[in-house]
Amino acid sequence: MELSPMEVLFMFLGGLGIFLYGIKSMGDGLQAVAGDRLREILNRMTTNPFLGILAGIIITALLQSSSGTTAITIGLVSAGFMTLRQAIGVIMGANIGTTITAFVIGLDIGAYSLPILAFGVILLFFFKTPKINNYGRVIFGFGALFYGLELMGDGVRPLADLEAFSNLMLMLSDNAFLGFGVGTVLTVIVQSSSATVAILQNFYMNDLVDLNAALPILLGDNVGSTVTAVLAALVGTIAAKRAAAVHVVFNLLGAAIFMLILPFFTMYVGYLESVLDLNGRMTIAFAHGSYNVVNTLIHLPLIGFLAWIVTKIVPGKDFSEDYQPVHLDEALMKQSPSLALQGSQKEIQKLAQLTLTMLEDANEFTYKNDTKLEKQIREKSDVVDGLNESIRKYLQELSKYDISNEDAIRQTNLLEINRMLYKVSEQIVEFTNLNVKKYRKNIYLSESAEKGLNDFIKHVGKSYKKAVNAIDIYNPQDVEVILEMTQKSTNIENKLRKQHVKRMNKGICSTDGGHLYVDLISTLERIGYNTRNITELNLGDDGSDPDSEEEQNILDQ
């Protein structure tokens with residue numbers, strides 16, 4: 001049956017759409033089955049580059065997206081769970097993992113795609129168990145992937161009879177750089193290297209393109225896949241930008257090497273095709289897999305160089321590197337829980353210093369509308385989240401070991417101090433958001449309100465700095481002074497509120513300015529309250545009064 005140009009276009013685009021939906025459905029289903037273990041795998045399996053590569057392969061095979069794996073990796077680097085060097089191994093593994101889709105496509109089971117789809121639908125709609133539904137999504141996605149491939153294959157087949165298309169393919173065969181550019185641009189447009197490799201597999205399967213043209217396009221597909229990571233990192237932290245830069249540099253260098261040895265690579269793939277009697281789709285799959293494995297082996301000894309070069313490409317301060325947990329030794333928990341507890345306190349002291357720099361940045365941002373300062377506060381907040389979580393898990397794990405009653409009390413207090421520091425970080429971000437609102441909406445505060453707010457900021461900053469520098473559950477220092485200062489914070493806040501009411505009654509403050517002012521001083525008062533809690537916990541007191549409902553409400557804020 002002869003197809004019209006419109007039917008060819010519709011079959012190709014429809015098949016591509018079904019294929020992409022199938023990949024997404026498979027990835028979502030596998031991710032739902034695996035749950036939160038994906039992040040845990042990446043977090044734990046990065047102690048050396050080989051394990052990092054393996055983790056990258058596994059996660060990408062489950063997500064069906066190297067971009068998804070890179071995005072998770074970027075998040076872990078930003079939060080301080082993973083160093084840039086560890087991330088490089090995962091990104092290398094993600095490039096290998098993405099080739100698995102091409103090998104799956106190489107299996108000639110398109111004739112069974114509709115029964116597979118039907119079975120997936122049965123699991124999705126006729127069972128109420130979420131786990132079975134998730135398996136249904138995986139199977140449905142698997143069937144949709146092959147059905148989409150069949151439609152694409154049927155759609156592109158008539159192109160062989162078009163003279164213009166044949167001439168274009170001849171041009172690509174003669175000019176490897178043109179083919180490389182086509183592959184790159186196509187992947188940038190589709191935003192999925194799996195899809196563009198699948199298109200190439202169909203073209204090669206139907207003899208629409210020869211091996212000389214197919215391999216440069218394949219190399220371009222790999223380079224084009226880095227665009228998603230770059231877009232994801234544009235508004236991210238410096239660590240995120242560097243991780244994305246690694247992805248780009250890794251693929252660009254690899255593609256450049258293979259373009260230089262393209263004649264030998266073409267001979268190698270042709271040899272595999274004839275010796276293993278591969279079909280067209282599987283030939284491209286082997287070429288794709290060979291490229292990514294060899295590229296990884298080339299760059300594996302150069303991880304240090306890659307880390308160095310991306311720091312030059314993306315200069316700046318990476319807070320996640322500076323605040324990596326170095327004292328949370330799991331082996332020490334078994335050998336000497338008491339020393340492990342002291343190590344966790346060192347990390348808490350480091351965390352406290354980080355929150356102090358956040359407060360200092362937030363105070364400066366109050367006087368100066370500097371977007372770099374705002375971004376720096378948010379980057380530090382991400383690092384606080386990661387370090388806080390690492391300390392929390394370590395201290396909870398420590399409770400499983402034989403520790404003295406005194407150390408048990410210290411462990412509980414350190415857990416609470418850790419929690420309070422996290423709350424302070426959140427409140428600093430909230431304070432920053434209020435100032436962002438002030439700048440964006442040009443909200444005016446009266447001169448007396450500005451002066452009262454500035455004095456309050458200085459007082460809270462001074463008391464918090466003293467509290468942070470005094471954190472030591474083994475030898476508390478300056479406790480009484482800090483407690484007096486934190487009590488004064490509450491008194492200042494009450495006084496500022498009363499002054500504000502008087503200004504509102506006289507019509508000195510605008511409504512918007514009045515609401516913002518109250519929110520600002522309330523946030524500072526909560527920071528002051530948590531400063532008091534940290535100090536009391538440092539002293540060995542839980543700082544709470546079970547009869548005080550007001551204090552309990554503030555604690556829950």
Side-chain angles (χ1 to χ4, degrees), residues 33-48 50-52 54-55 58-59 72-73 75-77 79-83 86 90 131 320 323-355 382-426 468 470-476 530 533-544 546 552 555-556:
V33 170
D36 294 332
R37 282 173 291 181
L38 296 179
R39 285 177 69 91
E40 196 65 28
I41 289 170
L42 283 180
N43 195 10
R44 290 183 177 276
M45 288 184 63
T46 51
T47 51
N48 65 62
F50 295 102
L51 284 176
L54 182 59
I58 293 169
I59 301 300
I72 292 174
T73 306
L76 289 171
V77 172
F81 281 116
M82 191 186 295
T83 65
Q86 289 172 320
V90 177
K131 193 171 183 179
S320 61
Y323 290 92
Q324 278 290 315
V326 294
H327 300 290
L328 305 182
D329 189 344
E330 291 188 15
L332 196 60
M333 279 196 284
K334 301 172 187 176
Q335 296 163 3
S336 177
S338 180
L339 288 176
L341 190 66
Q342 291 179 39
S344 62
Q345 176 174 271
K346 288 180 182 177
E347 291 299 340
I348 284 176
Q349 289 167 340
K350 193 163 66 175
L351 175 63
Q353 290 293 334
L354 177 58
T355 59
D382 288 338
V383 179
V384 167
D385 292 353
L387 187 53
N388 170 270
E389 183 69 8
S390 296
I391 293 168
R392 184 188 65 79
K393 286 182 177 178
Y394 188 80
L395 284 169
Q396 286 180 338
E397 187 69 21
L398 190 60
S399 64
K400 297 177 183 177
Y401 295 90
D402 186 23
I403 57 176
S404 66
N405 289 336
E406 283 186 351
D407 277 349
I409 293 168
R410 289 179 181 129
Q411 179 233 11
T412 303
N413 287 337
L414 284 176
L415 269 170
E416 275 301 293
I417 291 172
N418 188 49
R419 187 175 75 86
M420 290 297 167
L421 291 170
Y422 176 72
K423 297 301 289 183
V424 169
S425 170
E426 285 189 319
V468 162
I471 290 176
D472 186 349
I473 56 172
Y474 297 92
N475 185 26
N530 282 319
N533 285 334
I534 289 166
T535 305
E536 288 176 336
L537 287 161
N538 187 46
L539 187 62
D541 182 6
D542 65 5
S544 65
Q552 189 58 48
L555 269 173
D556 292 337

So how far is it from [X] [atom1] to [Y] [atom2], rounded to the nearest 0.5 Å?
{"X": "Q342", "Y": "R410", "atom1": "CD", "atom2": "CZ", "answer": "8.0 Å"}
{"X": "S425", "Y": "L351", "atom1": "OG", "atom2": "CG", "answer": "8.0 Å"}
{"X": "L341", "Y": "S344", "atom1": "CG", "atom2": "OG", "answer": "4.5 Å"}
{"X": "I417", "Y": "N530", "atom1": "CD1", "atom2": "CG", "answer": "12.0 Å"}

With sequence neighbours excluded, what pairs up with T412 under the side chain to side chain contact (heavy atoms under 4.5 Å, CB included) test? none

Sequence neighbours excluded, which residues qualify as side-chain hydrogen bond (donor to acceptor under 3.5 Å, both in side chains) partners of [X]?
{"X": "E397", "result": "K400"}
{"X": "E406", "result": "none"}
{"X": "T355", "result": "Y464"}
{"X": "Y422", "result": "E426"}

Work out which heavy atom in [X] is nearest to a heavy atom in [Y]; give both atom names and the distance.
{"X": "D472", "Y": "Q345", "value": "OD1-NE2, 3.2 Å"}
{"X": "L398", "Y": "A340", "value": "CD1-CB, 3.9 Å"}
{"X": "N418", "Y": "R392", "value": "ND2-N, 3.6 Å"}
{"X": "L537", "Y": "M420", "value": "CD1-CG, 4.1 Å"}

Show, in sequence, the C-alpha distance, side-chain angles and deciding distance for E536 and N533, and conclude whether the side-chain contact (heavy atoms from CB on, under 4.5 Å) test is met. CA-CA 5 Å; E536 288 176 336; N533 285 334; 4.0 Å; yes

Go through the steps to decide whether K393 and E389 satisfy the test side-chain contact (heavy atoms from CB on, under 4.5 Å), and finish with yes or no. CA-CA 6 Å; K393 286 182 177 178; E389 183 69 8; 3.2 Å; yes

Are side-chain heavy atoms of D407 and P337 found at a separation under 4.5 Å? no

Inter- and intrachain pairs under salt bridge (charged side-chain N to carboxylate O under 4.0 Å, His left out), touching residues 335-348, at least two apart: E347-K350

Knowing that exactly one of I348, N388, I391 qualifies, which makes a side chain to side chain contact (heavy atoms under 4.5 Å, CB included) with L421? I348

